[in-house]
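Structure record follows, encoded as C-alpha cells.
Indexing begins at 1, ligand by ligand and atom by atom, following the structure's order. No hydrogens, no waters, no symmetry mates; every other heavy atom, side chains included, goes into these values.
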Amino acid sequence: MDATLRNTLEQMPKAELHIHIEGSLEPELIFALARRNGVVLPYASVEALRSAYAFTNLQSFLDIYYAGASVLLTEPDFYDMTMAYLARAHDDHVRHVEIFFDPQTHTARGVAFATVIGGIYRALQDARAQWGMSGALIMCFLRHLPEAEAFATLEDALPYRDKFIGVGLDSSERGHPPEKFTRVFARCRALGLHLVAHAGEEGPAQYITTALDDLHVERIDHGVACLQDPALVERLVRQQTALTVCPLSNIKLCVFERMENHNLLALLDAGIAATVNSDDPAYFGGYLNANLLAAFEALPLTREHAHRLARNSFAAAFLPPAEKAAYLREVEAFFSQQP
Ligand code: HPA
Ligand code: ZN
C-alpha cells in the first residue's frame, strides 16, 4: 500500500465501537493472570495457547474465548486487561471507545458483577485522565442463554446503571435470533439505555431486520449479511444505521474466505454507514489499525473511504452532541491538512 495512505489510516482520529474487552486478553496476560490467581490452564505455554487459535466458525472461537476469560477473578484483573487494551487503542489514535463486556461469563463463575464493572470502569477513567480518551461501556447479554438469565443480569446491573450506557447481544448467533430478547430489550429501552445487537455475522439478513424491528437497536454489530437483502440495504442507507464491521474477525471466523472477498468496500459504496473495528483483537490478529491496514491492503479502498470511516466512527458513537461535533471537527481538520 501507498505509504501516505498507510500513514493516514494509522494517524487519523477514530472511534472504536465494537470491541469485546474479554477478547483483548492476550495469551501472555492469560498466563500471567493464571499464575497470579493460581488457575491451572489446559495449555502448557503461551505458544501452545496461541496455536489453538485456528477457528473454523464463531462457535469454535467462543469455546476458547470463554476458557481464556476464566483467569479473570479480581477487580485488578479486569483493570489490567482493560488498561492493556486502552494503551493499544491509544497507540492506534483511537480517541473514543465503546467497550462491550459479558458479565454472564464471569457471574456464572462466582465473580461479582461489581468486580467486573469496577475494574473495567476504573481503567476507562484512567484513560480519560492520562490521554483525554473518552469511553463508555455496553453490557452484552449472551444470546445462547435463556431470556430469564438476561433479565437476572439486568437486575444485577441496575445498581451500576451510571457506569454503562447501553446493552448489546452477543455469543452464538445461529438459532438464537434477536427476537428471543424482545422483552429484555423493551425493558432496557424503557430504562433509557442505548441498544445494539450482533446480527448478520454468521446468521441471515433476517436477523438484522428483526434486531431493528423487534429490539429497536440503534446500530448493528457486524451486519455484513445485509447485502443478501436489497430492501434491507435500502433501509440501512435511508436510516443511516451504522454497521460495526470487523474485517480480521470475519476472516478468522470464516465469514469470508479471504480479505479480497470481504464486502466492506461494497457496503461503503452502497452508502451504508460502515465502521471498522477489532472485535476480539487478541484472538483475531490485530487491533484497530491492523484491521484498517488489512482491509485497505486487500481491497481497492481509497483515502476518501478512510475519511468516511473516520467520520462514520464518530457519527455512530453514543456521544453527547457537542463532544461528537468536536471529534468530527478533529477528523475534518486532520483530512484538510493531510495530502
Ligand atoms: N460474535 C458473537 N459473539 C462474540 C463475538 C463475535 O464476534 N466476539 C465475542 N463474542
Ligand atoms: Zn463482536
Nearest neighbour in protein (non-hydrogen) for [atom]:
atom                   : value
atom 7 (O) of ligand 1 : Asp279 OD2, 2.8 Å
atom 8 (N) of ligand 1 : Asp280 OD2, 2.7 Å
atom 3 (N) of ligand 1 : Ser171 N, 2.8 Å
atom 1 (N) of ligand 1 : Glu201 OE1, 2.8 Å

- Message: With side chain to side chain donor-acceptor pair (under 3.5 Å) as the test, pick out the partner of Thr244 among Asp221, Asp279, Thr275.
- Response: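 The residue from Asp221, Asp279, Thr275 that satisfies side chain to side chain donor-acceptor pair (under 3.5 Å) with Thr244 turns out to be Asp221.
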
Salt-bridge criterion met for [X] and [Y] (N-O under 4.0 Å):
X      : Y      : value
Glu330 : Arg311 : no
Arg189 : Glu218 : no
Lys180 : Asp214 : no

- Item | Those atoms of ligand 1 less than 4.0 Å from some heavy atom in His198 |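 With His198 as reference, the close atoms of ligand 1 come out as 1 (N), 2 (C), 6 (C).
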
- Query: Can you list the atoms of ligand 1 that are under 4.0 Å from a heavy atom of Phe61?
  - Reply: 8 (N), 9 (C)

- Task: Please test Arg6 against Glu297 for salt bridge (charged side-chain N to carboxylate O under 4.0 Å, His left out), starting from the C-alpha separation and ending with a verdict.
- Result: CA-CA 9 Å; Arg6 170 183 288 267; Glu297 280 288 355; 3.5 Å; yes

- Task: Find out whether Phe296 and Thr302 are in side-chain contact, i.e. whether some heavy atom of one side chain is under 4.5 Å from a heavy atom of the other.
- Result: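 Phe296 does not reach Thr302 side chain to side chain.
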
- Message: A side-chain contact here means heavy atoms from C-beta on lying under 4.5 Å apart; do Ser24 and Asp280 qualify?
- Response: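 SC-SC contact between Ser24 and Asp280 ruled out.
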
Using heavy atoms and a 4.0 Å limit, tell me yes or no: is [X] in contact with ligand 1?
X      : value
Asp221 : no
Phe100 : no
Glu22  : no

- How open is the angle at the Zn ion (ligand 2) from atom OD1 of Asp279 over to atom NE2 of His198, rounded to 10 degrees? 170°

- Message: Just to confirm my numbers, could you give the angle made at the Zn ion (ligand 2) by NE2 of His18 and NE2 of His20, rounded to 10°?
- Response: 110°

- Answer with side chain, backbone, both or neither: which part of Asp102 has a heavy atom less than 4.0 angstrom from an atom of ligand 1?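 No part of Asp102 is near ligand 1 at this cut-off.
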
- Query: Do His198 and Phe141 make the cut of ring centroids closer than 6.0 angstrom?
  - Reply: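 Not under 6.0 Å, so no.
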
- Note on the structure: Among Glu173, His18, His20, His144, closest by heavy atom to atom 10 (N) of ligand 1 is His20

- Item | Euclidean distance, Met139 CE relative to Tyr160 OH, rounded to 0.5 Å |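 Tyr160 atom OH to Met139 atom CE measures 12.5 Å (nearest 0.5 Å).
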
- Message: Please report whether ligand 1 has a polar contact with Ser249, defined as an N or O pair separated by less than 3.5 Å (distance criterion only).
- Response: no

